[in-house]
There are 2 protein chains.
Amino acid sequence: MLRLSKFADYGTQVMAYMAKDGAVHSASEVAAGVGMGVSTVSKILKMLARENLVASVMGAKGGYMLARHPRDISMAEVIYAMDGPISITECSGTSACERESICSTRVNWQGINFIIQDALAKVSLAEMIAPKPQVVNVSGLRSRRASA
Amino acid sequence: MLRLSKFADYGTQVMAYMAKDGAVHSASEVAAGVGMGVSTVSKILKMLARENLVASVMGAKGGYMLARHPRDISMAEVIYAMDGPISITECSGTSACERESICSTRVNWQGINFIIQDALAKVSLAEMIAPKPQVVNVSGLRSRRASA
DNA sequence: CTAACTAGTACTAAAATAGTCCCACTTCGG
DNA sequence: CCGAAGTGGGACTATTTTAGTACTAGTTAG
């Protein structure tokens, strides 16, 4: 269903929580803050740390903090950290679909993928946590749908 | 992973196969044509028929044909027929997320959803089967970051 | 030197997907 | 009028993904 994994959603929430200040938060603190299990949040933070979206501080009194300003972190990065490459189809990046010959739709899927990646890359975490929808204006488009 | 189901992909291929001519094709014929199992193709065609993307002819010598010109069928419709509503997040349409209070990102997810829907709505089946990427130019966008 | 943390990974459970099959109904052709 | 060739619509099962948990090792403040 073209659906993001829950992790991507969780990841966003965790990032949003941390974006409130620049302080160091331990995994358990974040877990309490966003209302999820400690283990799960811990896992998510590790994933985010691996992609350098949050910086970790080890040892006692350690924890995580946002690695950059919310404005400089894109949703594409968050999603990538949680779910891997943003690609709607399996065979668009790596290609290697055995039906390559029959199916000439690959190139066009790639184009669609680019649009989506771009849309996600253009939305920053800062915009994402803004109470009002100021996001989303890639071009002049709104939900103009379906003519074509 | 923000991934489309295989069905959406299969559906596209089936549609692409049928777009070659306006003739009636039986499920087994299509199956042979695209190299998939008859049962699977049959299921896909049924799904497409339910959304009126293909018209069915019952009885012996029956089968399916494209309900409209490839130019008048959008990828959004095909994906909708196979996977249901195009929405990246669970709680964007129906909302009703118990963390509503904590999480202010909903509205912005919706905006992203719109972009994606729009991108998909703008690509017709005809464009999709075109050998060259003539699709995809919503704005002047390139593929900024993403696969990082 | 120990308590409070993160790092990394392996494992398990749950859910969504994909694929198959079956039975009822419709129509063509002999 | 009968049977073969089709679709319509589910139900069912296996497989794969996803989500969640636990465990061990390493790091640092006090």
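Proteins get letters first, then strands, A, B, ... in listed order; numbering begins at 1 in each. Please read these numbers as outputs of a predicted model, since none were measured by experiment.
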Enquirer: Do A:Leu48 and A:Tyr64 have side-chain heavy atoms sitting under 4.5 Å apart?
Expert: no

Enquirer: Starting at atom CZ of B:Arg50, determine the distance to atom P of D:dG10, rounded to an integer number of angstrom.
Expert: 7 Å

Enquirer: Within this structure, what is the CD-to-C1' distance between A:Glu29 and C:dA4, rounded to whole angstrom?
Expert: 14 Å

Enquirer: In whole Å, what is the span from the CE atom of B:Met36 to the C1' atom of C:dT20?
Expert: 15 Å

Enquirer: Look at B:Ser56 and D:dG8 and indicate whether a side-chain polar atom (N or O) is within less than 4.0 Å of OP1 or OP2.
Expert: yes

Enquirer: Any sub-3.5 Å donor-acceptor pair from A:Asn108's side-chain atoms to B:Glu127's backbone N or O?
Expert: yes

Enquirer: Rounded to the nearest angstrom, tell me the gap between atom CG in B:Leu45 and atom P in D:dG9.
Expert: 13 Å

Enquirer: Please answer: with hydrophobic residues joined when any side-chain heavy atoms are less than 4.5 Å apart, are B:Tyr80 and B:Leu4 in the same cluster?
Expert: no

Enquirer: Quickly work out the A:Met18 CE to C:dT6 C1' distance and round it to whole Å.
Expert: 13 Å

Enquirer: Do the side chains of B:Met47 and B:Tyr10 join up, straight or via other hydrophobic residues, at under 4.5 Å, putting them in one cluster?
Expert: yes

Enquirer: With a 3.5 Å distance limit and no angle check, can you tell me whether B:Glu51 reaches the backbone of B:Glu77 through a side-chain donor-acceptor pair?
Expert: no

Enquirer: Ignoring the backbone of A:Ala27, work out which of C:dT6, D:dG9, D:dT7 is nearest its side chain.
Expert: C:dT6

Enquirer: Measure the distance from NE2 on A:His25 to C1' on C:dT6 and round it to the nearest whole Å.
Expert: 16 Å

Enquirer: Treating primed atoms plus P, OP1 and OP2 as sugar-phosphate and everything else as base, which nucleotides of nucleotides 19-30 of chain D get B, S or - for protein heavy atoms under 4.0 Å?
Expert: SBB-----BBS-

Enquirer: Distance-only check: which donor-acceptor pairs under 3.5 Å involve side-chain atoms of residues 36-43 of chain A, not counting sequence neighbours?
Expert:
none

Enquirer: What is the separation between atom CD1 on B:Ile44 and atom P on D:dT7, rounded to the nearest whole Å?
Expert: 14 Å

